[in-house]
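Presented below is the structure to which this report refers.
Sequence positions, counted from 1, serve as the residue numbers for this chain.
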Amino acid sequence: VLVFVLIIVPIILDSFKKPSLMVATIKLNNLCSVHDDTFMVVTRPYNRKSYFSNGVTRIKVMSDWKVRLAANDKYSQFRYDGDEVDVKKNIELTAEIADGWLPFMYSPTLGDKFFNQFLEKGFEKSGDPNKKEKFQISAPVFAKVCDESERDAYLAPARNNYTLYVGGMGAKDKNFYFNLMCEYGYEEIATQIQELYLKGEKAEAESIFPDELLDDLTLVGSKERIKEKLEDWKNCNVTELSIAIPLDIETIKFIKSCF
């Protein structure tokens, strides 16, 4: 018997019910003797294909699409047609069936309040009384130990990245990073960022990204500042920090020493 398990792990919640663009991480549980690259994932509609690397593939899909496991088209002598699986965007599903979650733009001070409503339902549905304690949340974060006078320069990549996601990732009415910023209480400025970005005024959009939110989402500054801000991360749902590129080894060593 060959058993294949597809686990759809959503990256971020779209709080609207309309079909929306999302990135799905699909893990392959390969219990047969052939290599993982023998398989691929195919979407319906459009038959878009995504190939596995180390048992994992990531693919952009709409939330109402379906995916199925199939034989890699480079192996013409091999055939496998798996059952279709609904693409789930629900964080509740992640908490129910997955071992962890990789959220982007998770705020250590605002994220728990918004996401707990979905996580708790998923933990309850899992039937595992210890699911919450075992569930891992790994949050990407920009980090750099530097002089306070250098903060703006080192925050620039983060400001650029977050502005891109809030302002230009997906269609205007289907952008879950824009939705998340609104949930964090920045609806008016998120709207301004999106309008500027979609008009091509990207520098202007970056310039109005809120300093308060940027500071909340990052670990950039003096050791004293970072150590103080780490207390917020220690007291939220996040169980692991994934330091974003560009990496700085001394910064990673310092953050590790604070735990």
Side-chain angles (χ1 to χ4, degrees), residues 10-16 90-92 94-95 100-123 132-133 135-146 148 150-167 169 175-194 205-245 248 251-252 254-259:
I11 303 300
I12 193 70
L13 173 73
D14 178 4
S15 57
F16 293 97
N90 203 318
I91 289 174
E92 182 179 316
T94 307
W101 176 39
L102 304 167
F104 181 69
M105 282 183 65
Y106 196 102
S107 161
T109 62
L110 303 169
D112 288 8
K113 182 178 179 180
F114 176 61
F115 290 115
N116 276 351
Q117 58 186 313
F118 309 105
L119 293 171
E120 294 294 343
K121 288 180 181 178
F123 296 149
K132 183 175 182 178
E133 287 68 31
F135 193 74
Q136 301 294 304
I137 300 178
S138 179
V141 60
F142 287 86
K144 172 66 177 177
V145 173
C146 64
E148 289 295 296
E150 301 174 301
R151 285 191 74 240
D152 286 346
Y154 284 114
L155 281 169
R159 186 185 296 275
N160 176 276
N161 203 352
Y162 295 139
T163 302
L164 162 65
Y165 276 76
V166 172
M169 189 61 68
N175 181 332
F176 18 82
Y177 306 100
F178 169 85
N179 297 342
L180 181 61
M181 188 170 173
C182 292
E183 292 290 348
Y184 284 164
Y186 295 90
E187 183 173 358
E188 182 177 346
I189 197 163
T191 301
Q192 295 174 21
I193 289 172
Q194 188 181 65
E206 282 188 35
S207 70
I208 65 170
F209 193 94
D211 291 340
E212 180 182 14
L213 181 59
L214 185 65
D215 181 61
D216 190 39
L217 296 171
T218 60
L219 289 167
V220 176
S222 66
K223 290 183 176 180
E224 292 74 18
R225 175 190 287 269
I226 291 176
K227 189 172 183 179
E228 180 179 342
K229 291 177 86 275
L230 281 171
E231 293 304 309
D232 291 330
W233 288 102
K234 292 177 183 179
N235 292 321
C236 74
N237 287 333
V238 171
T239 59
E240 177 182 290
L241 294 177
S242 176
I243 306 303
I245 296 174
D248 179 73
T251 296
I252 294 173
F254 173 71
I255 291 174
K256 184 178 180 180
S257 73
C258 295
F259 284 88

Non-neighbouring partners of N161 that pass side-chain hydrogen bond (donor to acceptor under 3.5 Å, both in side chains), sequence neighbours left out: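 Once residues adjacent in sequence are excluded, N161 has no partner under the side-chain hydrogen bond (donor to acceptor under 3.5 Å, both in side chains) criterion.
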Are the side chains of [Y] and [X] in contact, using a 4.5 Å heavy-atom criterion?
X    : Y    : answer
V220 : C146 : yes
L219 : W233 : yes
P210 : M181 : yes
L213 : I189 : no
L119 : N237 : yes

Mind checking the [atom1]-[atom2] spacing from [X] to [Y]? Nearest 0.5 Å is all I need.
X    : Y    : atom1 : atom2 : answer
S107 : E212 : OG    : CD    : 9.5 Å
I193 : L164 : CD1   : CG    : 11.5 Å
Y154 : T251 : OH    : OG1   : 8.5 Å
E92  : Q117 : CD    : CD    : 10.0 Å
D216 : D211 : CG    : CG    : 12.5 Å
L155 : D215 : CG    : CG    : 7.5 Å

Excluding sequence neighbours, so at least two apart, what forms salt bridge (charged side-chain N to carboxylate O under 4.0 Å, His left out) with [X]?
X    : result
E148 : R225
K229 : none
K234 : E231
K132 : E120

By side chain to side chain contact (heavy atoms under 4.5 Å, CB included) - contacts of [X] (at least two apart):
X    : answer
E206 : R159, N160, T163
E240 : S138
D232 : P108, T109
E187 : C182, T191

For [X], give me all partners under ring-ring contact (aromatic ring centres under 6.0 Å, His included), at least two apart in sequence or on another chain.
X    : value
F254 : none
Y165 : F104, Y177
F142 : Y162

For the residue pair [X] and [Y], what are the closest heavy atoms and their distance?
X    : Y    : answer
V145 : K223 : CG1-CG, 3.7 Å
D112 : C236 : OD2-CA, 3.2 Å
K227 : C258 : CG-SG, 4.3 Å
A139 : Y106 : CB-CB, 4.3 Å
L214 : F209 : N-CE2, 3.9 Å

In terms of heavy-atom contacts, does CD of E228 have more than 12 from other residues, nucleotides or ligands at under 6.0 Å? no
Check whether more than 12 heavy atoms from other residues, nucleotides or ligands sit under 6.0 Å from atom CD of E188, and answer yes or no. no
I need the single residue from W101, Y184, F135 that forms a ring-ring contact (aromatic ring centres under 6.0 Å, His included) with F115. Which is it? W101
